[in-house]
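Sharing a structure with you now.
We number each residue from 1, following the sequence as shown. Computed from a predicted model, the values in this text were never measured in an experiment.
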Amino acid sequence: MGTTEVINPSTGEVFTTVPSLGLEETDAAIDRARKAFGEWRRVSPGDRARLLRRFATVVEENIEDLAQLEVRNAGHTIGNARWEAGNVRDVLNYYAGAPERLSGRQIPVAGGVDVTFHEPLGVVGIIVPWNFPMPIAGWGFAPALAAGNTVVLKPAELTPLTAIRLGELALEAGLPENVFQVVPGKGSVVGQRFVTHPAVRKVCFTGSTEVGKSIMAGCAGQVKRVTLELGGKSANVIFADADLEAAAAAAPGAVFDNAGQDCCARSRLLVEASVYDRFLGLLEPAVRDFRVLDPSDESAEMGPLISSGQRSSVASYLDGADVAFRGSAPERGGWWFPPTVLLASSAGDRHWREEIFGPVVSVLPFRDEAEAIELANDTEYGLSGSIWTRDVGRALRVSRAVETGALSVNSNSSVRYWTPFGGMKQSGLGRELGPDALLSFTDVKNVFLATGE
């Protein structure tokens, strides 16, 4: 077993180390989870619900500590980090209501009674990315535990600290030992073992489309279930009849939040040609005023990128690009990058087509509704997006026509824990959150009881 250095992206300095588990330790954790499954699935629905509510309460009691940890580890602004810790609490509370409502059906048949049961799968492996370590962990482990599964969770190597702390809080809340384990380590070791180990019955992965394809292919060998939330290149479509002031004021947050390190970032900005110049005039001050500060500052709207490598990758997209205007960023140690607006010459531009995963937005005009839909759909991705218009009919037409899993009209929201979230095309497979996510952690068993009629 080795160790991994944890770096503060605001300073570029190492501030702690964590264990990096190997194959033997991973197998041991999976075996412990397998053994714990038999007891956990037999916990009564009411008792399982109470334990999850207690887990939510303990998270609530530690929100500020979790948030401060995420500021140091991931460079998230303190406001965002508090929301993220609160989201874990909320998701736990939401799925705490599920065990007592995980109902099957009675199906009318001849000669007896037919009933269905939702049976837990067993051990669930959850692989969490570095961009939203807390909420995405909760979106996986809360419904999995509620359905009666045990969980082994691998945090990202860059951002393991809040996941490790959540594992400790689960024990403080009274969850039985080994029901929820956090297993830090390399994706090529720990994550890959989730894919190949026969006792792991499902893998939940959030990350790049390339890695997601590899995980899906690996799971196919065991017909292992997967939920994949992958890349995105979402469109923010501004029609001429929209409230342009509101759309321009909201656009920076839609792409620069979390320094653009968000699969849902609206990084393709489509503006109707007749208002293109006016909209850019409104957008420029909103971008220049976007507050890129030390993430511990209460007024910060954006912090640093996660790593030096990520900063270099983002910067490469500016080579030869038409830069319209930029915001500002601190000039000091750490992985800082200013909010940047690029003008696309066509839909073939690299910065228009590829997921940059940084605070860069590309802008392109469109002629009419048909072209807006065509451009919005001209991507391999389909995760999120926005439509700005005052025309309700147009809002519905375009919403139905755009190929993406989550859309907002006259807003830029993507995630609510009580509604489904997931992608189309190469943005993923399956849905997280909402009332139906629990079912993806179960098998449906059908039982026929002959009555001798």
Side-chain angles (χ1 to χ4, degrees), residues 1-10 12 14-22 25-26 29 66-67 69-76 80-81 84-85 87-88 124-141 151-168 180-195 200 203-215 226-232 258-265 295 303-314 334-335 355 357-358 428 432:
M1 181 172 66
T3 59
T4 298
E5 293 181 334
V6 180
I7 297 173
N8 183 337
S10 296
V14 175
F15 70 96
T16 191
T17 60
V18 298
S20 182
L21 304 189
E25 293 92 352
T26 303
L66 286 165
L69 199 58
E70 204 70 290
V71 169
R72 294 189 72 193
N73 191 179
H76 291 191
N80 280 7
E84 291 157 17
N87 183 259
V88 176
V124 173
I126 299 173
I127 303 171
V128 178
W130 50 258
N131 60 330
F132 290 106
M134 278 193 286
I136 292 177
W139 302 352
F141 70 67
V151 169
V152 285
L153 184 146
K154 193 203 90 65
E157 293 169 65
L158 293 171
T159 56
L161 298 185
T162 49
I164 291 171
R165 183 63 182 139
L166 286 169
E168 294 168 350
F180 174 44
Q181 299 175 77
V182 177
V183 189
K186 294 182 177 180
S188 59
V189 177
V190 179
Q192 183 62 21
R193 191 56 176 145
F194 290 178
V195 173
V200 177
V203 174
C204 299
F205 171 78
T206 300
S208 72
T209 297
E210 180 182 3
V211 175
K213 290 178 181 179
S214 174
I215 287 173
V226 291
T227 294
L228 303 173
E229 195 270 280
L230 308 176
N258 200 32
Q261 299 166 131
D262 183 353
C263 296
C264 294
L305 291 166
I306 189 64
S307 67
S308 175
Q310 187 65 17
R311 185 176 63 179
S312 296
S313 174
V314 172
W335 321 127
E355 185 178 32
F357 226 59
E432 297 176 301

One pair to check against side chain to side chain contact (heavy atoms under 4.5 Å, CB included): V182 and V152. What are the steps and the verdict? CA-CA 6 Å; V182 177; V152 285; over 6 Å; no

side-chain contact (heavy atoms from CB on, under 4.5 Å) filter on T4, not counting sequence neighbours, yields V18, S20

With sequence neighbours excluded, tell me which residues meet side-chain hydrogen bond (donor to acceptor under 3.5 Å, both in side chains) with K186. none

Atom NZ of K213 and atom OG of S208: how far apart are they, to the nearest 0.5 Å? 9.5 Å

Below 4.5 Å, heavy atoms only, C-beta onward: do V128 and T206 meet side chain to side chain? no

Looking at side-chain heavy atoms only, is the closest gap between P9 and N73 below 4.5 Å? no

Nearest heavy-atom contact between C204 and V124 is SG-CG1, 4.3 Å

With a 4.5 Å heavy-atom cut-off, do V203 and I215 have their side chains touching? yes

Would you mind reporting whether W130 and Q261 have side-chain heavy atoms less than 4.5 Å apart? yes

Find the distance between CD (E229) and SG (C264) and round it off to the nearest 0.5 Å. 6.0 Å

Nearest 0.5 Å, what's the OG1-CD distance between T159 and E157? 10.0 Å

Show the nearest heavy-atom pair for residues P184 and V190, with the distance to one decimal. O-CG2, 4.2 Å

For L230, enumerate each residue passing the side-chain contact (heavy atoms from CB on, under 4.5 Å) test, keeping only those at least two apart in sequence or located in another chain. F205, T209, L228

What closest approach, in Å, do V6 and L158 show between heavy atoms, and which atom pair accounts for it? CG1-O, 4.4 Å

Quick one: list whatever passes ring pair (Phe, Tyr, Trp, His ring centres under 6.0 Å) with F141, sequence neighbours left out. F55, F180

Those residues at least two apart in sequence (or on a different chain) that pass side-chain hydrogen bond (donor to acceptor under 3.5 Å, both in side chains) with D262 are none

For N8, the side-chain contact (heavy atoms from CB on, under 4.5 Å) test, sequence neighbours excluded, returns S10, T11, F15, R72

In a table with atom names and distances, give each donor-acceptor pair under 3.5 Å that connects a side chain of residues 305-312 to protein atoms at least two apart or in another chain.
| from | atom 1 | to | atom 2 | distance (Å) |
| --- | --- | --- | --- | --- |
| S307 | OG | Q310 | N | 3.1 |
| Q310 | NE2 | F357 | O | 2.8 |
| R311 | NH1 | G334 | O | 3.1 |
| S312 | OG | S308 | O | 3.2 |

Using a 4.5 Å cut-off on heavy atoms from C-beta on, say whether the side chain of W139 contacts that of I126. no

With side chain to side chain contact (heavy atoms under 4.5 Å, CB included) as the criterion, how do E432 and T227 come out once you've worked through the C-alpha distance, each side chain's angles and the decisive distance to 0.1 Å? CA-CA 8 Å; E432 297 176 301; T227 294; 4.0 Å; yes

Does any part of the side chain of N131, heavy atoms only, come nearer than 4.5 Å to the side chain of N258, both counted from C-beta? yes

Name all residues meeting the side-chain hydrogen bond (donor to acceptor under 3.5 Å, both in side chains) criterion together with E84; count only those two or more places apart in sequence or in a different chain, and write none if there are none. H76

My understanding is that only residues two or more places apart in sequence, or in another chain, count here; which of them pass ring pair (Phe, Tyr, Trp, His ring centres under 6.0 Å) with W335? none

For V314 versus G358, what's the shortest heavy-atom pair and its separation? CG2-CA, 3.7 Å

Compare all side-chain heavy atoms of I127 with those of L153 and state whether any distance is below 4.5 angstrom. no

Which residues share a side-chain contact (heavy atoms from CB on, under 4.5 Å) with R165, sequence neighbours left out: N62, L66, L69, E168, L169, E172

For residues P304 and A259, report the shortest heavy-atom separation together with the two atoms involved. O-CB, 3.8 Å

Please name all residues satisfying side-chain hydrogen bond (donor to acceptor under 3.5 Å, both in side chains) with T162, sequence neighbours left out, ordered by chain then number. E70

